[in-house]
Amino acid sequence: ETNVYDVVVIGAGGAGFSAAITASDAGAKVVLLEKMPNVGGNSLVSGAEMAAAGNWVQKKLGIEGDSVELHYQDTMKGGDMKGDPAVVRTMVENALPAAEWCRDVIGVEFQEDNLFFFGGHSKKRSLIPKGATGLDFITKFSATAEKRGIPIITNMKAEELVRDASGRVTGVKATMDGKSYTFSARKGVVIATGGFAANVAMRTEANPFYGDGFKTTNMPGAMGEGITMAKNIGAQVVNMGLIQTYPMCDPNSGAIELIDDARFEGAILVNQEGKRFVEELQRRDVMSKAILEQTGKYCYAIFNGEIEKRSHAITHHQDEVEVFTKTGILHKADTIEGIADFFKIPVDNLKATIARVNEFARTGKDLDFNYRSRFVDLSTGPYWIYRGVPSVHHTMGGLKINPKAEVLDANDKPIPGLWAAGEVTGCTHGTNRLGSNAYTDIIVFGRIAGAEAAK
Ligand code: ADP
């Protein structure tokens with residue numbers, strides 16, 4: 001069975017939707033293939049914050065001094081200068097137009113009076129969608145694609161790229177329920193299949209440290225098939241060993257703890273001994289490494305009512321709070337004794353730690369770990385405490401692309417007819433992706449890939 005389109009997009013996450021809609025708006029006949037029963041991928045379960053320097057919320061909040069250049073420096077530095085300079089430059093320059101496109105064309109509702117301050121960013125620059133998850137993005141993306149008449153075929157798994165005699169990519173072989181289908185692409189194929197965090201074998205091969213000792217925050221679809229498909233026709237793969245863990249995840253499921261939002265508004269981290277051991281706004285890799293060095297390879301985050309008022313960590317994530325309370329990894333108490341007793345943390349240690357943090361909150365200077373923001377005074381309850389562990393979150397490596405999202409071969413030459421965007425690519429984040437740079441990356445390069453493939 002053959003279906004003929006101009007552009008075939010593989011993977012219905014944020015990158016794939018951006019590519020499909022952009023290609024369609026450029027006049028191309030587009031199809032979007034998704035192997036899972038539902039669209040959204042990891043883009044759906046993400047917090048979906050989006051970093052964009054100079055954005056409209058910054059203006060409203062009076063945050064000054066941010067620039068594309070600063071975002072560039074932060075991204076490069078955060079990835080130990082291992083990101084591809086031209087690709088990173090393209091991402092930061094197109095970040096704000098991409099966010100405006102999401103707002104104005106897709107209809108994503110961003111919070112108008114609130115931004116996120118993620119580790120490694122030197123300014124508060126990350127836009128937050130309504131609900132602080134990817135749901136608003138994916139709902140609006142789906143509605144927009146439907147309005148454009150773009151077929152989204154779920155349960156359709158891309159297996160192989162098809163090429164003509166000249167080597168140009170001309171289509172995709174896929175399967176549904178064991179039956180084979182071929183989707184021909186007159187103009188091009190966009191790979192937007194996400195990363196490989198859910199593929200333990202691929203992780204182990206790329207970097208044995210991140211093998212079966214870790215759970216993952218990812219959806220089960222993140223198996224790296226786009227990387228394998230492209231590699232099989234000569235695509236260059238880079239940075240595969242660079243794997244990021246998210247520091248605070250559910251020890252039972254591996255999922256990101258959404259209540260960890262509290263950490264960005266002042267929650268402190270302590271170990272089983274009740275002592276701080278790392279700066280709470282450090283990079284994800286540094287924090288994860290520090291947590292793995294503590295007793296039991298886990299830690300606790302602690303916050304109070306004042307921090308809840310600022311972060312809405314509890315009120316925004318009631319479902320999670322219910323589960324965590326039942327599984328015993330979250331506890332609320334009026335006193336420090338109450339939270340210490342619950343997890344058998346030495347109460348004197350914890351009291352001393354909190355007294356010291358209160359002192360730092362007063363002086364504005366953390367003499368122990370140089371906290372980059374200002375601590376909140378923790379003298380008054382109620383208190384919440386939750387346990388967390390690092391879990392595999394993002395695979396920085398993948399297909400090598402250029403700023404036009406063309407997939408490159410071993411000689412850095414574009415493979416005709418093939419584009420890629422999103423986590424499947426390996427050039428943006430270097431050794432360590434900064435929080436909220438993923439959404440920026442997937443949407444910026446999804447749009448570029450869609451526009452280029454439709455030409
Ligand atoms: P990104 O953030 O880069 O957009 P996501 O994880 O959000 O990545 O989305 C990738 C999507 O691609 C997921 O929905 C995933 O199920 C889908 N996908 C992965 N492999 C395939 C495949 N072989 N065929 C079709 N869809 C795929």
Side-chain angles (χ1 to χ4, degrees), residues 7 9 11-30 32 39-41 43-44 46-64 66-68 71-72 89-116 118 121 123-150 152 190 192 403-405 419 421-422 428 436-455:
V7 177
V9 179
F17 271 114
S18 299
I21 293 166
T22 305
S24 170
D25 285 356
K29 185 182 173 206
V30 182
L32 183 52
V39 298
S43 301
L44 180 62
S46 158
E49 291 84 5
M50 184 173 180
N55 67 61
W56 63 96
V57 183
Q58 282 183 325
K59 293 210 173 82
K60 202 164 153 196
L61 299 180
I63 294 168
E64 285 172 8
D66 201 8
S67 65
V68 163
H71 189 189
Y72 174 82
R89 181 73 65 193
T90 301
M91 180 183 86
V92 295
E93 282 175 352
N94 290 284
L96 183 55
E100 288 168 344
W101 178 78
C102 291
R103 184 193 62 189
D104 301 338
V105 177
I106 307 301
V108 172
E109 291 175 59
F110 291 102
Q111 298 179 19
E112 285 299 319
D113 52 2
N114 203 5
L115 291 168
F116 239 80
F118 277 100
H121 290 278
K123 291 279 172 185
K124 210 173 187 180
R125 62 163 72 100
S126 304
L127 296 158
I128 313 169
K130 191 177 83 179
T133 76
L135 185 62
D136 195 52
F137 269 96
I138 297 303
T139 307
K140 304 284 169 58
F141 271 138
S142 300
T144 308
E146 196 174 319
K147 238 186 282 161
R148 303 287 198 271
I150 300 168
I152 303 170
V190 177
K404 289 162 114 178
W419 287 264
T428 318
S436 74
N437 263 352
Y439 248 79
T440 308
D441 183 40
I442 66 180
I443 292 175
V444 164
F445 286 100
R447 292 179 75 207
I448 292 173
E452 292 292 325
K455 273 185 184 165

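With rounding to the nearest 0.5 Å, the separation of CD in E109 from CG in D136 is 5.5 Å. Of the inter-residue distances, the one linking Q111 atom CD with L127 atom CG reads 10.0 Å to the nearest 0.5 angstrom. Taken from OG in S24 to NZ in K147, the straight-line distance is 12.0 Å, to the nearest 0.5 Å. Rounded to the nearest 0.5 angstrom, N114 CG and S126 OG are separated by 11.0 Å. R148 contributes atom CZ, which lies 4.0 Å from atom CG of D25 (distance to the nearest 0.5 angstrom). Here the CD-CD distance, from Q58 to E64, works out to 10.5 Å after rounding to the nearest 0.5 Å.
When all heavy atoms are compared, the tightest approach of L32 to A20 is CD2-CB, 4.4 Å. Taking every heavy atom of both residues into account, S43 and G14 meet most closely at OG-N, 2.8 Å. V9 approaches V30 most closely through the heavy-atom pair CG2-CG1, 4.1 Å. Considering all non-hydrogen atoms of both residues, D66 and G54 come closest at OD2-N, 4.0 Å. Between R125 and H71, the shortest heavy-atom contact is NH2-N, 3.4 Å. Minimum heavy-atom separation, T440 to S436: OG1-O, 3.1 Å.
Between D113 and V57, every side-chain heavy-atom pair lies at or beyond the 4.5 Å cut-off. P129 is not listed as a side-chain neighbour of T133, based on a closest heavy-atom distance of 4.5 Å or more. When side chains are defined from C-beta on, T428 does not count as touching N437, because their heavy atoms never get closer than 4.5 Å. Contact of the F141 side chain with the I443 side chain is registered, since non-hydrogen atoms from C-beta on lie closer than 4.5 Å.
Open room surrounds NZ on K404; 12 or fewer heavy atoms of other groups in view lie less than 6.0 Å from it. Annotation for E100: atom CD counts as buried by contact number, over 12 foreign heavy atoms lying within 6.0 Å.
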For this session: Could you go through the side chain to side chain contact (heavy atoms under 4.5 Å, CB included) check for W56 and E112 one step at a time?
Result: CA-CA 8 Å; W56 63 96; E112 285 299 319; 3.3 Å; yes
For this session: Give the C-alpha distance, both sets of side-chain angles, the deciding distance and a yes or no for side chain to side chain contact (heavy atoms under 4.5 Å, CB included) between Y439 and I442.
Result: CA-CA 5 Å; Y439 248 79; I442 66 180; 4.3 Å; yes
Problem set entry | Evaluation steps, ring pair (Phe, Tyr, Trp, His ring centres under 6.0 Å), between F17 and F137 | CA-CA 10 Å; F17 271 114; F137 269 96; over 10 Å; no
For this session: Just do the side chain to side chain contact (heavy atoms under 4.5 Å, CB included) check on V7 and W419 with the steps written out, would you?
Result: CA-CA 10 Å; V7 177; W419 287 264; over 6 Å; no
For this session: For side chain to side chain contact (heavy atoms under 4.5 Å, CB included), just list the numbers for L115 and N55, CA-CA rounded to whole Å, side-chain angles, deciding distance to a tenth of an Å, and then say yes or no.
Result: CA-CA 10 Å; L115 291 168; N55 67 61; 3.9 Å; yes
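Formation of a donor-acceptor pair under 3.5 Å by the K140 side chain with backbone atoms of G107 is found in this model.
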